[in-house]
J.: 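I'd like to ask some things about the structure below.
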Amino acid sequence: MTRISQIVAGLDIGTAKITLIVAERDEKGGLDVIGIGNSPSKGLRKGVVVDMDATVESIKCAAEEAELMSGVSVGRAFVGTSGGHIRGFNSRGVVAITSRDHEITREDIRRVLHAARSVSVPQDREIFHALPQEFIVDDQGGIDRPLGMSGTRLEVNVYLVTGFVAAVQNLVNAVNRAGIEVEAVTLENLAAGQTVLSRDEREMGVGLVDIGGGTTDLAIFERGAIRHVYSLPSGGDHFTNDIAVGLRTPHSEAERIKMKYGCALPSLVPEDETIEVPSVGGRKPRVLSRQLLCEIIRPRADEILGLLREEIKRAGFESSLNAGLVFTGGGCLLDGITEIAEDLFDRPVRRGTPNGIGGLIDVVDSPAHATAVGLVVHGANSRRELKPAPWRQISLGRVTTRIRDWFQDFL
Ligand SMILES: Nc1ncnc2c1ncn2[C@@H]1O[C@H](COP(=O)(O)OP(=O)(O)OP(=O)(O)O)[C@@H](O)[C@H]1O
Ligand SMILES: [Mg+2]
């Protein structure tokens, strides 16, 4: 095996930052991080490309940094997508097992999944994950892996994840223009779940909440699979905007103040603590109470967490979160947010940092890197099973048409 085939790269194109993580498989099959590149994201809004050139430049910057650190040229990467264009819904497929011995083969599983995803979706949407919830062989349900079992009828319940074709294609185009081929486009929470959640949490029921810059993305895992996804159009940037308006300070200062002194829970901050706040328009800086900053932040935290709770209730998963909630994304680094969530949901809440990877772990040991590491881990696991990416790769001179039958999730 050449060195190149052992390299796996995960590219997280976020609204706030773009991260490229390069990992190498070691001899035992483990993964070692060997490089990381971060660059401020300039061309996205709420997870969607709105300025192609700026996005390409940001990807190139992150790639250069990661290549310099790793000493490897990154030719292809697993890319994540999330945000308001993602939708999920349930579907069902049924096939007859016609072989003489009635033993279920990979081909039968392929057929039943094909049947489950043969539903009509709006023209502007594409199914990019078919996540099996359970297989049913004859009348026996609750089966995870039907391969090799015997029966005459195979059914499957799947959760189909769709996204806007244009949104995903623009992401692919941006990556291609930065000189990188897309190996697969993966739902970010699906990828992050592989590195921050334990198997037990995924079995028992857990809510994975990614507080990014522009959006907060929720995925509910139960009995080992994603059962529900949801995206809220508010994220860390909304805290910054509230601070800029509330303290009448420039946006860049509001961001700095949030990161250094921000806290969503006033009771965690000493009452007499003060902070210096730069003013706009050349006026003198002011000294204000840090409690005041907390009071500006708190309502937004209540709003985001309250809306998540409503959605979990609405979708019928309130009693499913036996393992509680796990927070990722840069926005969850805000002090006090997990304490408020614990109180509101009355469930254990923790911040999720990447696991199951070696090498330069210090540089990825943050909830903000959960998606990029997750893309590496998910990508490495799925590489064996991958068919050609269904997205047109524009810069490679090999224009592949999109294939609707694209199953990377299950075999
Ligand atoms: N220490 C910190 N305290 C508070 N907020 C933070 C901290 N570090 C980062 N953030 C916030 O996290 C947000 C960015 O998170 P992240 O990098 O996960 O977003 P993204 O993946 O680029 O965006 P998205 O997922 O929405 O497309 C920003 O709003 C940033 O201000
Ligand atoms: Mg993100």
Side-chain angles (χ1 to χ4, degrees), residues 10-21 36-50 54-55 58-59 61-62 79-86 163 167-168 170-171 174 186-193 195-196 208-219 229-244 251-265 268-269 293-294 296-298 300-301 304 326-338 340 351-354 364-375:
L11 179 58
D12 174 14
I13 304 175
T15 306
K17 59 149 178 37
I18 293 183
T19 303
L20 179 64
I21 291 180
I36 180 170
N38 276 306
S39 137
S41 176
K42 301 249 168 63
L44 277 93
R45 201 167 297 147
K46 297 194 191 300
V48 171
V49 177
V50 291
T55 306
S58 300
I59 297 171
C61 275
V79 174
T81 185
S82 67
H85 72 102
I86 303 295
V168 184
N170 283 336
L171 212 57
T186 305
L187 179 70
E188 289 179 3
N189 263 336
L190 177 67
T195 184
V196 300
L208 182 62
V209 179
D210 177 347
I211 309 182
T215 60
T216 296
D217 297 295
L218 166 76
V229 295
Y230 176 69
S231 180
L232 195 70
S234 304
D237 293 349
H238 294 74
F239 291 104
T240 308
N241 290 340
D242 294 346
I243 295 167
H251 195 271
S252 56
E253 290 297 336
E255 177 74 5
R256 185 186 63 81
I257 289 169
K258 177 182 80 171
M259 294 218 190
K260 198 155 177 206
Y261 306 107
C263 180
L265 198 56
L268 293 180
V269 167
L293 174 66
C294 296
I296 292 170
I297 293 173
R298 173 81 202 234
R300 185 65 74 175
I304 291 177
V326 176
F327 281 74
T328 61
C332 86
L333 294 171
L334 190 68
D335 281 347
I337 204 127
T338 50
I340 296 175
R351 292 187 175 88
T353 48
V364 299
D365 188 28
S366 161
H369 291 133
T371 297
V373 174
L375 288 166

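Side-chain atoms are counted along with the backbone in the values below, which use heavy atoms only and exclude waters and symmetry mates. In listed order, ligands and their atoms are each counted from 1.
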J.: With sequence neighbours left out, what residues match R256 under salt bridge (Lys or Arg N to Asp or Glu O under 4.0 Å)?
T.: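 Testing R256 for salt bridge (Lys or Arg N to Asp or Glu O under 4.0 Å), a comparison that skips the adjacent residues, returns E253.
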
J.: I'd like to check the salt bridge (Lys or Arg N to Asp or Glu O under 4.0 Å) partners of K46; sequence neighbours left out, ordered by chain and number.
T.: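 None.
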
J.: In ligand 1, which numbered atoms sit nearer than 4.0 Å to a non-hydrogen atom of T215?
T.: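 Numbered from 1, ligand 1 contributes 26 (O).
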
J.: Is the closest heavy atom of G214 to ligand 1 under 4.0 Å?
T.: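 It does; at least one heavy atom falls under 4.0 Å.
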
J.: Hey, is G331 one of the residues with a heavy atom under 4.0 angstrom from ligand 1?
T.: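 A heavy atom of G331 does come that close to ligand 1.
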
J.: Would you mind listing which atoms of ligand 1 come within a distance below 4.0 Å of any non-hydrogen atom of G329?
T.: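 Going through ligand 1 atom by atom, the ones under 4.0 Å from G329 are 18 (O).
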
J.: Any heavy-atom pair between the side chains of T19 and I36 that's under 4.5 Å?
T.: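 SC-SC contact between I36 and T19 confirmed.
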
J.: Can you tell which of D217, L334, L232, I337 makes a side-chain contact (heavy atoms from CB on, under 4.5 Å) with I211?
T.: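 Only one option passes, and that is I337.
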
J.: Which atoms of ligand 1 have any heavy atom of A16 under 4.0 Å away?
T.: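 With A16 as reference, the close atoms of ligand 1 come out as 14 (C), 19 (O), 20 (P), 22 (O), 23 (O).
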
J.: Which heavy-atom pair separates S58 from P40 by the least distance, and what is that distance?
T.: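 Looks like OG-O, 3.2 Å.
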
J.: Between E255 and ligand 1, which part of the residue brings a heavy atom under 4.0 Å of the ligand: side chain, backbone, both or neither?
T.: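 Answer for E255: side chain.
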
J.: With heavy-atom distances below 4.0 Å as the criterion, list the atoms of ligand 1 near G236.
T.: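 Answer, ordered by atom number: 29 (O).
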
J.: Please state which option from T371, D335, L333, T19 has its nearest heavy atom closest to atom 1 (N) of ligand 1.
T.: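 Residue with the shortest heavy-atom distance to the ligand atom: L333.
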
